[in-house]
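Notes to accompany the following structure.
The sequence lines fix the lettering, A, B, ..., with proteins before strands; numbering per chain opens at 1.
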Number of protein chains: 2
Amino acid sequence: MPQRQTSMREAILDAAEELFSKSGFRAVSMREIAQASGANLGSISYHFGSKDGLLRAIYDQHSGPMNRRRSELLNEAQRIRDPEDRLAAIVRAFILPSLSEADGSVGGGARFARLRAVVMAERHEEAQKIIAETFNPINLAFIDALQECLPHLPRADIVWRTHFLLGAVSYTLINPWRVARLSDGEADGENTQEALAQIVHAAVAAFRAPATDGAAA
Amino acid sequence: MPQRQTSMREAILDAAEELFSKSGFRAVSMREIAQASGANLGSISYHFGSKDGLLRAIYDQHSGPMNRRRSELLNEAQRIRDPEDRLAAIVRAFILPSLSEADGSVGGGARFARLRAVVMAERHEEAQKIIAETFNPINLAFIDALQECLPHLPRADIVWRTHFLLGAVSYTLINPWRVARLSDGEADGENTQEALAQIVHAAVAAFRAPATDGAAA
DNA sequence: GTCTATATACTGATAGAC
DNA sequence: GTCTATCAGTATATAGAC
């Protein structure tokens, strides 16, 4: 449930996140953000200094809670004894906060995840730095947890499959309509529950595959 | 081996593709393209009419040969009798032209695939239309071929897993350095052979998984 | 903190000489 | 087909009134 905006600053943050997640960073002008939030153009500079500063503020607002959430879910998952069940729980914990529509923050985790995916693809330097700093540590924690479930696998294979998992999530957030288009509407890319079930199932199967033999390709 | 440019028009196409694939569509100005290609700013408008026209010309140049290549590889793969081997060959045929560094055209298929991935993420309307028109038919042919290997799977599951496969390829093309970063250099995202082996292996395992049960998520 | 007005730079596109 | 010059539009950022 989105909470009421108490200040102009929050209204700007909310509008900017909405617009950036839809169209990317470069394509959205500060004028559009001003109009959507009801703020004045000058106010944005006053509160955030620059457009980059606004982007940084959006990350600051979300990355703490989101990574805390992922840590909690990872800890819960790691308590599961059975390695098969644990693997699925870890995968689920890894991506749930990115797909969940409501995670306590305004607009839900999916919007921020979509923003990250879109902005990452733009190769905006500032954004790449922020993302790497913020998400690498927690990603490495997940890789360690996966390695514990799959001790026979080379770490490189686990990294590759984790990378593919991130790619699948990112692609689904950026192009949800593609699933519907390729399936004639039978599958629905906008349906978070369906996406989560499909992606966890596919990823677990991929992780369970034996080590990749380079010559086999 | 890149072939020599015989005309200014080709030089512009080549420079534009290089820049778009690196930084996306919106971030690259026509002036940058002019400078990189040695052409005059006015010449770009003369040859391609507009910036959108230039993007369209890049697609026109590549999509024909690339889809022909994918059709050939798909046909070859479909001749394999054993369903297990055939599945791997189809997956390989699906993504090889996008990852291959040299496919006969200037700069290789990987550069054009990276361009598609980056531009797609920008949600440029013109580009989305072109991509859907050009790649949906061949993608549906691959899905049909996969369904033949996996007759027990609901088509929706095959579409979802194909979607994830496209996401993994796209993500790897956009962020190859992420693999090296997460693995401390042990895995190399820029190594096409390694990426191909890893992604085919993981995708085949995902396709072979039983049907996804919605309740299991 | 919020507003107007504006400085400065860059964008895609075009007209017209050569 | 290539050039220069330029138009009209938009961008971010800022200075200063209130």
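Put simply, the side chain of B:Glu122 never gets that close to the backbone of B:Gly24: no donor and acceptor are under 3.5 Å apart. A:Asp188 places no side-chain N or O within 3.5 Å of a backbone atom of A:Glu194 that could act as its donor or acceptor partner. Side-chain N or O atoms of B:Arg155 include none that pairs as donor or acceptor with a backbone N or O of B:Asp144 at under 3.5 Å. No side-chain donor-acceptor contact under 3.5 Å links A:Ser23 to the backbone of A:Phe20.
Heavy-atom distances under 4.0 Å link DNA chain D to B:Tyr46, B:His47 of residues 46-54 of chain B, given in residue order. Listed by residue number, B:Val28, B:Ser29, B:Met30, B:Arg31, B:Leu41 are the residues of residues 27-41 of chain B with a heavy-atom contact under 4.0 Å to DNA chain C.
For B:Phe164 and A:Phe164, the ring centers are positioned 6.0 Å apart or more.
Note on the helix from C:dG1-D:dC18 to C:dC18-D:dG1: terminal axis deviation equals 0°, with five pairs used at each end and the result rounded to 10°.
Contacts of A:Asn40 classified as side-chain contact (heavy atoms from CB on, under 4.5 Å), with partners at least two apart in sequence or in another chain: A:Ser43. Partners of B:Lys129 according to the salt bridge (Lys or Arg N to Asp or Glu O under 4.0 Å) rule, which considers only residues two or more places apart in sequence or in another chain, do not exist here.
Looking at B:Tyr59 and B:Arg116, their side chains never bring a donor and an acceptor atom within 3.5 Å of each other. A:His201 and B:Asp157 are not linked by any side-chain donor-acceptor pair at a separation below 3.5 angstrom, with hydrogens and angles left out of the test.
Nucleotides of DNA chain C lying under 4.0 Å from heavy atoms of chain B occupy a range whose first and last members, 5' to 3', are C:dT11 to C:dT14.
Contact of the B:Phe94 side chain with the B:Asn139 side chain is registered, since non-hydrogen atoms from C-beta on lie closer than 4.5 Å. Within the 4.5 Å cutoff, no side-chain heavy atoms of A:Phe25 are placed close to those of A:Val118.
Applying side-chain contact (heavy atoms from CB on, under 4.5 Å) to A:Leu96 and the options A:Leu196, A:Thr192, A:Val200 leaves one that passes, A:Leu196.
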